[in-house]
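Heads up: the structure comes next, in C-alpha cells.
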Amino acid sequence: MSIIQIKGLHKIYNPKKVPVHALNGIDLEITEGEFTAIVGPSGSGKSTLLNMIGGLDSPTEGTVIINGVDVSTLSPKKLIDFRLKNIGFVFQDYSLLPVLTARENVEFIMQLQGRKKEEFKKRAEELLREVGLGDRMDNRPSNLSGGQQQRVAVARALASKPKFILADEPTANLDSVSTSDLLEMMQVLNKEENMTFIFSTHDQRVIDKARRVVSIVDGKVAEDIQVEQEMAQ
Amino acid sequence: MKTIFILAWRNIWRNKRRTIITLSSIFFAVLLALFMRSMQLGSYGNMIKNSVESYSGYIQIHELGYWENKSINKLLEHSQSIQDSIENLPSVNYVIPRLETFALAATETLSKGVAVIGTDPEREDHMTKLSEKLVAGEFFEADKEGILISEGLGNYLRLGVNDTLILLGQGYHGTNAVGKYPIAGIIKLVNPQMNNNTVYMPLKTCQYYNGSPNKLTSMALVLDSYDAVKKTTARLKEDFGERYEIMDWEELQPELVQLIQSDNAGGVIMLGILYMVIAFGIFGTIMMMTMERLREFGVLISIGMQKLRLAGLVFIETLLIGILGLLVSFMAGVPLLLYMYEHPIPLTGSAAKGIEEMGFEPIIPFSLDISIFYTQGLAILVIVMLCLTYPYLRLWWLKPVESKK
Ligand SMILES: Nc1ncnc2c1ncn2[C@@H]1O[C@H](COP(=O)(O)OP(=O)(O)OP(=O)(O)O)[C@@H](O)[C@H]1O
Ligand SMILES: [Mg+2]
C-alpha cells in the first residue's frame, strides 16, 4: 500500500533574490514497509526532499500526499498535529531534550499525543528495551553515547506509532560500530514491525543495507533501484 | 500537565550561573525597592503624624462654611453630648475644642497682630506637647485667667511672665472684644512665624473675651493612626455631615499633601529607573534562553508540539524565574522590614535637633504597608511578562526546518 506519493515536486529557495533550484521535478512513491535510502552528492537536494516528505517545508510546485492527505492543504496547526500522528523523525544530531532522561524523552512525545499514563509508561520501557537501552533508561542524553542517543531518538520516533520514520543522515555523527548497530536495529524494526524507514545518507555501508536506493542528482531522481532482499542481508 | 512544569523547572536550571545571576539581580532590586518604599512611606506617615499632631489634628469639625474665610461669626455650639459621641467612635482618641481668632496685642507703647487660640489646656497638651515648649513661667490652666504667649511675641512687646497683655479686636457678631490677661508662661514654637504672634488662652477665657460663650471655631480630632482617617471621616460625614463641616488633614493641609506627592513622585521615578535596569537584565536572560534553544524549539515543532504549548512552556519558565526571584527577595525583605519597623533609623545632628524641638522622636520610621510588597511583586511580574514578547515573536516566526541548521 502506498503511503507517500510525490508528484512533480519543485523547490526553489530564495525565488526572489538568488533562486536556488533545490528540487527539479521529483516523482516518487513509497509503499508501506519499505527500507529506503535517499542518496546523492552533497547539495543534490536530499534534505530538501525529506523536509517536503516530513511536512516541514512546503514545495514551490507539485504535491506531497501522505496517507491520502495532500499536506499542502493543512493549516499550520493541523500540519503539526499531522506530523505528531503520522511521522516519526530522527535527526542527524539526535535532538533529544537534554533535561529529560531517555525514558522521559520517549514518554514526552506520547504525552503530546495525549496518551494515558499507564500506556506511555509501559510503551516507553518496551521501546527502550527494544533498542537495547533497557539498562540506561534513566540517563540523560549527556550521559549517553552518540549511538545510544540516536537509539533513544529512534525509540521516540517509534513511540508515536507513526506511518513511517524519516531520518536525515541519522548516522552522520556516529562511528562505524554504532552505525552498523543502529542500522541493524532499524532493519529489525522494519522486519518485525513492518515499520517504514526513509533515510538519507552518504555512507556506502549504510546504502548497502537499504532495500531500495533512490539517487538524487541536481534535484532529480537519477536512479531508483530495488535491491534484492538477499543481497541486502 | 505536570511534565511541562518539570520541563520548565529543569530548563531554567540548564544554565545555573545565569539563572542565579538573574535571580540575584531581582533579589537586590526588590530588596532595595522594599527598603526604599518602606522608608519613604514610613517617613510620610511620620511627617503626617508630626504635622497633624503639632496642630491641626487628623480631622476638624467646623460650623458649615467656616473654613472658606474663617469668619468669627460662623461658630459652632460646644455641645458636650456631641463631643462625647465623637470621642466614643472607634479610632478617635479625643477631641480638642478650640476657639481661634485674631487680635491686636498691645502694651502701653507697642502693638502687634496676633493669633489667639482658645483651647482646653490639658487636651491641647496631650496632642501637641505644648507644655514641653514652655521656656518660662507655668503652663496655663482651664479655670484660670493666665495665658501663654510665644517667645518672639514676648520679646517684641518686651513682656515677661506675670506681665499683663491687652488684647483688642472684633468679637462675635461685631461686638468689641477687649481684655487684660496675666501672662502665665512663655512658649517657644518651632515655626518662626507662629513663634512671633501666638497667644494661647484657656477656652472659657477666650470665649468670654470673644463675646461668644460656649462657642467654638473647631473641634480637632486626634486618632489612633492616620490609617483610620478615611473611615472616620466617612463615619462623621454620615452622622454630622448635614450640620457641620468635616475636613480631614488632607483638606486642612493641602501643602503637606503636595509635598508628599512630589517627594513620592521622585521615589517612584527612582524605582522606575531601578526596574528598567533590572528589566534589561531579565530580558537579556530570556533572550539568551530563547536564542540558544531556537533549534530545540524547531525540533519540538517538527516532532509535533504545538506552538501554543511551547509558548506555555516558555511562559511557565519565565514566570518561575520571576516568582523565584520574588520569593527569595521577600524571604529576606519581610524580616528586614520587620526589623526596621521595630528599630527605626535614628537621626543625628541638626536634623535630629530640629525634630526633637518640635517634640517628636528624631527617627526615620519604616512602614509595613502591604502595598509596598505587592507593588514590587507586580512590578517584577509585569517586567517578566513584557520580556516574553521576545520568545513569543521568535516562536511565532519559527519554521520547523530551521531546526536542521
Ligand atoms: N534554506 C535554504 N535556503 C537556500 N538554499 C538552500 C536552503 N536549504 C538548502 N539550500 C540549497 O538547496 C540545495 C539542496 O540542499 P540540500 O540541503 O537539500 O542538499 P543535500 O543533498 O541534503 O546536501 P547534504 O548532503 O550536504 O546534506 C543546495 O544547493 C543548498 O545550498
Ligand atoms: Mg542534507
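Chain naming here is simple, since letters A, B, ... match the order of the sequence lines and numbering starts at 1 in each.
Note: A:Q111 CD to B:R309 CZ = 8.5 Å, rounded to the nearest 0.5 Å. Atom CG of A:L56 and atom NZ of B:K399 lie 12.5 Å apart (nearest 0.5 Å). Here the CG atom belonging to A:L97 is positioned 6.0 Å from the CG atom belonging to B:L7, to the nearest 0.5 angstrom.
Across all non-hydrogen atoms, the minimal contact from B:S302 to A:F89 is O-CE1, 3.2 Å. Summarising the geometry of B:T3 relative to A:F108, their closest heavy-atom pair is CG2-CD1, 4.3 Å, with the distance given to 0.1 Å.
Contact annotation: the side chain of A:L112 never approaches that of B:L300 to less than 4.5 Å [non-hydrogen atoms, C-beta and beyond].
Residue contact with chain B, scored on non-hydrogen atoms closer than 4.5 Å, is absent for A:Q92. Contacts between A:L100 and chain B at a heavy-atom distance below 4.5 Å involve backbone atoms as well as side-chain atoms.
Identified by a heavy-atom distance below 4.5 Å to chain B, the contributing residues of residues 72-82 of chain A are A:K77, A:I80, A:D81, in residue-number order. For a heavy-atom cut-off of 4.5 Å, chain B lies close to A:R156 in residues 141-157 of chain A.
By the 6.0 Å contact criterion, NZ on B:K307 is enclosed, its count of non-hydrogen atoms from other residues, nucleotides or ligands being greater than 12. Summarising the local packing, CG of A:D218 is surrounded by 12 or fewer heavy atoms from other residues, nucleotides or ligands at distances under 6.0 Å. Within 6.0 Å of CZ in B:F280 there are 12 or fewer heavy atoms belonging to other residues, nucleotides or ligands. Shown here is B:M331, whose CE atom has no more than 12 heavy atoms of other residues, nucleotides or ligands within 6.0 Å. Around the CE atom of B:M47, the shell of radius 6.0 Å holds more than 12 heavy atoms that belong to other residues, nucleotides or ligands.
The choice from A:P162, A:G54, A:P98 that makes the most heavy-atom pairs within less than 4.5 Å of chain B is A:P98.
Panel note: side chain A:R83, backbone B:G304; no donor-acceptor pair is recorded below 3.5 Å.
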